[in-house]
Engineer: 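Okay, handing you the structure first.
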Amino acid sequence: MSQSATAAPTAPAAHMAYRPDIDGLRTLAVLPVVLFHAGFTALSGGFVGVDVFFVISGFLITSIIAADIDKQRFSIVDFYERRIRRIFPALFAMLTVALVFAGLMFIPADFRQFGKSFISSSLFFSNLMFWSEGGYFDFDAELKPLLHTWSLSVEEQFYIFFPPLLYLLKTRVRRWRACIVGLFLASLAAAAWMAYRDHDTAFYVPLYRVWELLTGSIIALAILPPAAATPRRGRELLAAAGIVMILGASLFYTSSVVFPGLSALLPCLGAGLLIYYGRDTAAGRLLGSAPLVGIGKISYSLYLWHWPVIVFYRYWLGRAFTLPEQVLVIGLSFLLAWLSYRYIETPFRLRRAGGPRKVLFAQGAVATMLTVGIGGLIYLANGVPQRMPDNVLRLASSANDINPMRQQCDRRSVPQVQQGDVCSIGPDNVAPSFAVMGDSFGDAFMPGVAALAEERGQRGLVLTASGCLAMLDVVDASSKRVSNCKAFIQASIDLIKHTPSIQRVLLIGRWPSAAEGRRFGAFMADGMFITDDQSTSVGYEENKRVFTRRWEATIAALNPRQVYIAAYIPEQRIHVPRELALCTYFGHPCPAGVSRSDFEQRQAYVRQVFESLERAHKAQILDVGSKLCGKEFCPLYAQHTSLYVDDNHISRSAALMLREVLAPAVAPAAPGAQAAPVHLAEGQAAPAARR
């Protein structure tokens, strides 16, 4: 998922005076998160609420632990009893409701994934599970109803080691304050480094979030000079600056910001300033006002319930929300949050429910074991497909209609390519006469190219790497992880040069994303910037310049081989197998496909560049769009099967249907051979007869 979850606020400290401004601070964190998730683009950085909550949690929990240690009454059992009373009841209520709705609504592949997250959420390691799923073909993050539990997991993992560590430091180490500050600085430095190297790791792994919780801990442990030592005017200005810092990050950060890491300092320091200086200031009085305190009190339940409400409603709709629908999901989230706070959170927190400690622990253990057992059954049963009719299952299963050689052949390492250890297609007893270079679009077309190679008796080398644009010396400037794409493409071109029998090279890719800097699909994303060694800036216009000039360099590097470019591959706005299955299942009108006008607008600059290359006889363009698109739209469905496995990658079946489009790059047709026809009827967009 994009940076879009939030951590749960923690319980008010029992050993310190109640501060209403901290409840108001929770509101300042949770509202941007809820609005951002509901699709209000003005809050493009609403995801920073997670960081504010981490700081609050670190402050309040450390205050409790430190007070108990100082009074020599610290008990790890007491600590976890409070955590269970605070976290478990509302969490397991939400998990139960989510299980019911997922069982009623989710297609098998999605329900199977839900089973995994159901287990990991109850055991508080969902952050690590979602981290492990951060691959290129990951199940859509925006459709994971338990994705938001990752931040709860980070907190609980922190609170496994921090209470005993703090106890040991305070009772055994003279310079314990320096140790806490050292841990803070080490985690911050590691986060700053990892955010640029691997965004997913920096986002989900606790090591890189510890400094955020320790920001609150440092304040709670009185490591800083007393706030009262700062003049009154200074305290007022610094507290006001805290509000500005949090709101500024919420309003102006976007998904293109390298986050977390140093960029997370802005909301974290803002939260720290408000906790440290907020008492008895104008900012503190504002946060302590009744409306903000009221929302802050229900913020944990609001956090728990808003994301499943959004996910399930969006899943049922199959599209983005309209403004009235945004208001509806926010209103429903607030209603559920109030009910959860009033009838679940409060009774358990005030010990009116749950019983004695032993009973409470037993209840928690039973709830956890049941959740793990149910989640395991769902996963092992492959999402319980028996829940759905056969026609729906057939449509849903087309998401698995991928290149069967993908795992084996796609994204070979650079040393493997340099050594010629790559897959080949076609008969083994002939020298390779062509090569295919491409990203995940290239991999998707490989079944069709492989079938052609067998039919024509030609052998080809497979040089595809998902996520790597098949253009020489292009760097993904927007990537949040280290990439070896530039080296992979160079190694692929070198291998082609050192294989004299190769006469033709086929290049396949998601060209519009490279040219426009924008992804097109179910969840569109901006800021996909590319650069080369001539770039002096990064941005949408530079993308176009890089796209134009790197074609000249790529084709020149492949000279004298004939270059073919598979182009104008239609991208859809929806996850096709899922939405075809769901519109059939729910009885909604099925979508037709992206309109021809949207398709042409998306391809306009790419078409301009490629037509120029073709006029100059530098490359031959193979027009996939002319076969896939009709006059009105580019269909989703043909010959009783989905043409896509998601919102943009064509299916194995479609690759076989379209193989003749790519035939010139493989070999001329044998004398007397008949081209395999391509039947893609304009009107066959939805399987209406199968409902």
Engineer: Just verifying a value: how many Å separate His640 NE2 and Arg394 CZ, rounded to the nearest 0.5 Å?
Structural biologist: 10.5 Å

Engineer: So, Arg504 side chain and Gln562 main chain: donor-acceptor pair closer than 3.5 Å or not?
Structural biologist: no

Engineer: Measure centre to centre between the rings of Tyr540 and Phe529, then say whether the value is under 6.0 Å.
Structural biologist: yes

Engineer: Aromatic ring centroids of Phe47 and Phe259 under 6.0 Å?
Structural biologist: yes

Engineer: Is Arg652 reaching over with its side chain to a backbone N or O of Asp401, donor-acceptor style, under 3.5 angstrom?
Structural biologist: no

Engineer: Tell me whether the centres of the aromatic rings in Phe441 and His649 are closer together than 6.0 Å.
Structural biologist: yes

Engineer: Give, for atom CG of Leu317 and atom OG1 of Thr322, the distance between the pair rounded to the nearest 0.5 Å.
Structural biologist: 8.0 Å

Engineer: Sequence neighbours left out, what pairs pass disulfide (SG to SG under 2.5 Å) with at least one residue falling in residues 438-471?
Structural biologist: Cys468-Cys485

Engineer: Just by modelled atom types, is the Ala487 backbone N or O under 3.5 Å from a matching donor or acceptor in the Asn484 side chain?
Structural biologist: no

Engineer: Over 60° means perpendicular and under 30° means parallel, so tell me whether Trp150 and Tyr204 are parallel, tilted or perpendicular.
Structural biologist: perpendicular

Engineer: Distance only, no hydrogens: is a donor on one side chain within 3.5 Å (strictly under) of an acceptor on the other, for Ser651 and Ser653?
Structural biologist: no

Engineer: Quick check on the 6.0 Å ring-centre criterion: do Tyr208 and Trp193 meet it?
Structural biologist: no

Engineer: Checking Gln490 now: which residues fulfil side chain to side chain donor-acceptor pair (under 3.5 Å) with it, not counting sequence neighbours?
Structural biologist: Asp494

Engineer: What are the two closest non-hydrogen atoms of Gly457 and Val430, and how far apart are they?
Structural biologist: O-CG2, 4.1 Å

Engineer: Centre of Tyr568's six-membered ring, under 6.0 Å away, within 45 degrees of the axis: is that where NZ or CZ of Arg607 sits?
Structural biologist: yes

Engineer: Tell me whether Asp410 contacts the main-chain N or O of Ser440 through its side chain, where contact means a donor paired with an acceptor under 3.5 Å.
Structural biologist: no

Engineer: What is the ring orientation for Trp316 with His588, classed by angle as parallel under 30°, tilted 30 to 60°, or perpendicular over 60°?
Structural biologist: perpendicular

Engineer: Taking all non-hydrogen atoms of both residues, which atom of Pro260 and which atom of Ala202 are closest, and how far apart?
Structural biologist: CG-O, 3.4 Å

Engineer: Supply the atom-to-atom distance Leu507 CG to Ile621 CD1, rounded to the nearest 0.5 angstrom.
Structural biologist: 9.5 Å

Engineer: Indicate whether the side chain of Ser433 and that of Gln503 have a donor and an acceptor atom separated by less than 3.5 Å.
Structural biologist: no

Engineer: Identify the heavy atoms of Ile650 and Ala444 that sit nearest to each other, and give their distance.
Structural biologist: O-CB, 3.6 Å

Engineer: Could you check whether any side-chain N or O of Thr499 sits under 3.5 Å from a backbone N or O of Ser501, counting only pairs where one atom can act as donor and the other as acceptor?
Structural biologist: no

Engineer: Donor-acceptor pair, Arg112 side chain versus Ala109 backbone, under 3.5 Å?
Structural biologist: no

Engineer: Quick check with a 6.0 Å cut-off and a 45 degree axis cone: is Lys144 positioned over the face of Phe130's six-membered ring?
Structural biologist: no

Engineer: What are the two closest non-hydrogen atoms of Ala566 and Leu662, and how far apart are they?
Structural biologist: CB-CD2, 3.9 Å

Engineer: Under the 3.5 angstrom rule, does the side chain of Ser263 hit a backbone N or O of Val258 as a donor-acceptor pair?
Structural biologist: yes

Engineer: Distance check, rounded to the nearest 0.5 Å: Asp200 atom CG versus Glu133 atom CD?
Structural biologist: 11.0 Å

Engineer: Can a side-chain donor-acceptor contact be found between Ser466 and Asp443 if the only test is distance below 3.5 angstrom?
Structural biologist: no

Engineer: Atom CD1 in Ile569, atom SG in Cys634: separation rounded to 0.5 Å?
Structural biologist: 12.0 Å

Engineer: I would like to know whether Asp598 and Arg573 meet salt bridge (Lys or Arg N to Asp or Glu O under 4.0 Å); could you show each step before the answer?
Structural biologist: CA-CA 10 Å; Asp598 283 352; Arg573 294 191 183 277; 3.2 Å; yes

Engineer: Where is the tightest heavy-atom contact between Ala38 and Ile310, given as atom of each residue plus distance?
Structural biologist: N-CD1, 3.8 Å

Engineer: Walk me through whether Glu325 and Arg319 qualify under salt bridge (Lys or Arg N to Asp or Glu O under 4.0 Å).
Structural biologist: CA-CA 11 Å; Glu325 289 162 350; Arg319 56 170 173 77; 2.8 Å; yes

Engineer: Answer yes or no: is there a donor N or O on one side and an acceptor on the other, between the side chain of Ser492 and the main chain of Phe488, under 3.5 Å?
Structural biologist: yes

Engineer: Check whether Asp532 reaches the backbone of Ser535 with its side chain - one donor and one acceptor, N or O, closer than 3.5 Å.
Structural biologist: yes

Engineer: Check the pair Glu571, Arg519 against salt bridge (Lys or Arg N to Asp or Glu O under 4.0 Å), reporting the backbone distance first and the verdict last.
Structural biologist: CA-CA 9 Å; Glu571 302 154 286; Arg519 189 188 186 281; over 6 Å; no

Engineer: Could you tell me whether a side-chain N or O of Ser44 sits under 3.5 Å from a main-chain N or O of Leu251, the two making a donor and an acceptor?
Structural biologist: yes

Engineer: Kindly state whether the ring of Phe610 and the ring of Trp551 have centres lying under 6.0 angstrom apart.
Structural biologist: yes

Engineer: Can you tell me how far CD of Gln418 sits from OG of Ser413, rounded to the nearest 0.5 angstrom?
Structural biologist: 8.5 Å

Engineer: Heavy atoms only: give me the nearest Leu323-Phe40 pair and the separation to one decimal.
Structural biologist: CD1-CE2, 3.8 Å

Engineer: Hey, mind stepping through Arg545 and Glu541 against salt bridge (Lys or Arg N to Asp or Glu O under 4.0 Å) and telling me if it holds?
Structural biologist: CA-CA 7 Å; Arg545 290 189 286 267; Glu541 290 305 313; 5.0 Å; no

